[in-house]
J.: 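Pasting a structure here, questions to come.
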Amino acid sequence: MHETAILFLEFGAVLLGLGVLGALALRVGISPIPLYLIAGVAFGTGGVLPLATSEEFISVGAELGVVLLLLTLGLEYNADELMTSLTGNARAGIVDLVLNAAPGAICALLLGWGPVAAVAMAGVTYATSSGITAKVLSDLGWIGNRETPTVLSLLVFEDLTMAIYLPVLTTMLAGLSLLNGAIAVGIALITVSVVLIVALKFGRLIEAFVSSPNSEVLLLKVVGLALLVAGLAQQLQVSAAVGAFLVGIALSGELAEDAQALLAPLRDLFAAVFFVFFGLQTDPAKILPVAGLAALLALVSMITKLLTGIYAARRAGIGKAGQARAGIALIPRGEFNIVIAGLAVGAGAHPDLGALAAAYVLILAAFGPLAAKLVQPFITAIAKRA
């Protein structure tokens, strides 16, 4: 009973603190993710007030947060859109992959962290935060701009790349042999392909099974299906997060919109818990030594994402102002990057990887939205001249 009381006290204090930090982020006009990470660092090992009882409970909540984040992201797309994006924007997507995965991989190799950490860091610097980017597009009124479909198509391509990348990373982190690794990756590719085919051919049957006029029943079915597929994916050496993402893709139309509305509060709650949990695993004493390196890596990543956006938008026949907006919208990093770093840290890839990734995401999650606001007047001036 005593331990349960402490768990409630600690977890309640964490959630209340996150609510206060979220309100502060809204007032300042930045993403709350950096503040959540800082809160986790403060409550973790070496922090101001380490948690005594609730860390294991928060760990389970963090896993749910990842599943719900990827489920709701998948609900934003359908299988047809994914296939169209994959075929129509493959060249820009490959440029995005090469330009933005390279800085992380090169950094890890130069530091002597080894190939496994290099693959993990490549993912950390590659993926744009879909959640933060979507918020930037909405807050600045860029949703209806000509470059926005290009930005979204790059995000979709990154999501598909992650569906292949995560099984490769988890195989390497598990230390499997080349043969076992190839088998695991093959199973992952087959799983992803099967789910996409099922979504394309039998999406209506899945929707008919999940659909319900009652919001409670709909919520239970969607979350239950996502967790089942996530667990199955994990058993098949595919990331649970990717499994949840594919469930989201299988649902579309009005059903997906209803599910998104129901899941939003639940997703936000457990996503915040996930960011806190990542912070709990990061020793603040290790962040300061890598702060300069993280800032340099962030600067390089800003440039490479700007070049990516400019290239993709130019190929789509969009003007200079739209090209600049596309590049800036791609700068933020957040949920996927922390997921990747969390997997690597949990598997013991390198002791400094978590601290570097946390500092890197802190910089870009905060600066990305701020940069968009700061350069908005200059972009408007460019558009007027054009």
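Note that the structure is a prediction, hence the values are computed from the model and not measured. The figures here come from the full heavy-atom set of this structure, side chains too, leaving out hydrogens, waters and symmetry mates.
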J.: To the nearest 0.5 Å, what is the distance between OH (Tyr311) and CG (Leu99)?
T.: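 Here the rounded value is 10.0 Å.
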J.: Do Leu219 and Leu75 belong to the same hydrophobic cluster, where Ile, Leu, Val, Met, Phe, Trp and Tyr are linked whenever their side-chain heavy atoms lie under 4.5 Å apart, directly or via other members?
T.: yes
J.: For Thr133 and Ala329, which heavy atoms make the closest approach, and how far apart are they?
T.: OG1-O, 2.8 Å
J.: Using modelled atom types and a 3.5 Å cut-off, is there a donor and acceptor pairing between side-chain atoms of Thr308 and backbone atoms of Asp96?
T.: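 A pair under 3.5 Å: no.
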J.: Report yes if the side chains of Asp268 and Leu68 come closer than 4.5 Å at any heavy-atom pair, otherwise no.
T.: no
J.: State, without any angle test, whether Lys221 and Ser212 hold a side-chain donor-acceptor pair at a distance under 3.5 Å.
T.: no
J.: Drop me the distance from Leu296's CG to Cys107's SG, to the nearest 0.5 angstrom.
T.: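 Between Leu296 CG and Cys107 SG, I get 8.0 Å after rounding to 0.5 Å.
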J.: With side chains defined as the heavy atoms from C-beta onward, is the minimum distance between Val222 and Leu262 less than 4.5 Å?
T.: no
J.: Quick one: does any side-chain atom of Tyr165 pair with a main-chain N or O of Val119 as donor and acceptor, under 3.5 Å?
T.: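 Between the backbone of Val119 and the side chain of Tyr165 there is a qualifying donor-acceptor contact (under 3.5 Å).
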J.: In the structure I gave you, are the side-chain heavy atoms of Leu255 and Leu218 within less than 4.5 Å of one another anywhere?
T.: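 Touching, per the 4.5 Å side-chain cut-off.
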J.: Could you tell me the separation between the CD atom of Gln323 and the CZ atom of Arg146, rounded to the nearest 0.5 Å?
T.: 10.5 Å
J.: Please report the interatomic distance CE(Met302) to CD1(Ile363), rounded to the nearest 0.5 Å.
T.: 7.0 Å
J.: Would a 4.5 Å heavy-atom cut-off, applied to side chains only, mark Val223 and Leu227 as touching?
T.: yes
J.: At what distance, to the nearest 0.5 angstrom, does CG of Leu154 lie from OG1 of Thr161?
T.: 10.0 Å
J.: Would you check if Phe157 and Ile94 make a side-chain contact, meaning some heavy-atom pair closer than 4.5 Å?
T.: yes
J.: If two hydrophobic side chains count as joined below 4.5 Å and joins carry through other members, does Val20 share a cluster with Leu269?
T.: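 Unlinked, Val20 and Leu269 end up in two clusters.
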J.: Give the cluster check for Phe8 versus Val273: same hydrophobic cluster or not, with ILVMFWY residues linked at side-chain heavy-atom distances below 4.5 Å.
T.: yes
J.: Give a yes or no on whether Ile328 and Leu307 share a hydrophobic cluster (residues Ile, Leu, Val, Met, Phe, Trp, Tyr; joining criterion: side-chain heavy atoms under 4.5 Å apart).
T.: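 No; tracing contacts between hydrophobic side chains, which count when under 4.5 Å, never links both residues.
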J.: Of all the heavy-atom pairs spanning Ala226 and Leu71, show the shortest one and how long it is.
T.: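 For Ala226 versus Leu71, the nearest heavy atoms are CB-CD2, 3.7 Å.
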J.: Check the hydrophobic clustering (I, L, V, M, F, W, Y; side-chain heavy atoms under 4.5 Å; chains of links allowed) and say if Leu111 and Val290 are grouped together.
T.: yes
J.: Does a side-chain heavy-atom distance below 4.5 Å link Ile318 with Arg325?
T.: no
J.: Which atom names give the shortest non-hydrogen contact between Ala39 and Leu18, and what distance separates them?
T.: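 Where Ala39 meets Leu18 most closely, the heavy atoms are CB-CD2, 4.3 Å.
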J.: Between CG of Asn337 and OG1 of Thr128, what distance do you get to the nearest 0.5 Å?
T.: 8.0 Å
J.: Checking Ser129 side chain against Pro332 main chain: does a donor-acceptor pair fall under 3.5 Å?
T.: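 No; judged by distance alone, with no hydrogens or angles, the pair does not exist.
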J.: Could you go step by step and tell me if Asp352 and Trp113 meet the side chain to side chain contact (heavy atoms under 4.5 Å, CB included) rule?
T.: CA-CA 9 Å; Asp352 293 332; Trp113 289 0; 3.7 Å; yes
J.: What heavy-atom pair brings Ile287 and Ala359 nearest, and what distance separates the two atoms?
T.: CG2-CB, 4.2 Å
J.: Can Leu306 and Leu330 be said to form a side chain to side chain contact (heavy atoms under 4.5 Å, CB included), step by step?
T.: CA-CA 7 Å; Leu306 279 170; Leu330 292 169; over 6 Å; no
J.: Closer than 3.5 angstrom, by distance alone: can the side chain of Asn100 be matched with the main-chain N or O of Tyr126 as a donor-acceptor pair?
T.: no
J.: With a 4.5 Å cut-off on side-chain heavy atoms, are Leu297 and Met121 touching?
T.: yes
J.: Would you say the side-chain atoms of Asn145 pair up with the backbone N or O of Glu147, donor to acceptor, closer than 3.5 Å?
T.: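 Side chain of Asn145 to backbone of Glu147: no pair is present.
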J.: To check you understand the geometry: which heavy-atom pair defines the closest contact between Gly22 and Tyr36, and what is its length?
T.: CA-OH, 4.0 Å
J.: Quick check: closest heavy atoms across Thr304 and Pro103, and the distance to 0.1 Å?
T.: CG2-CG, 4.4 Å
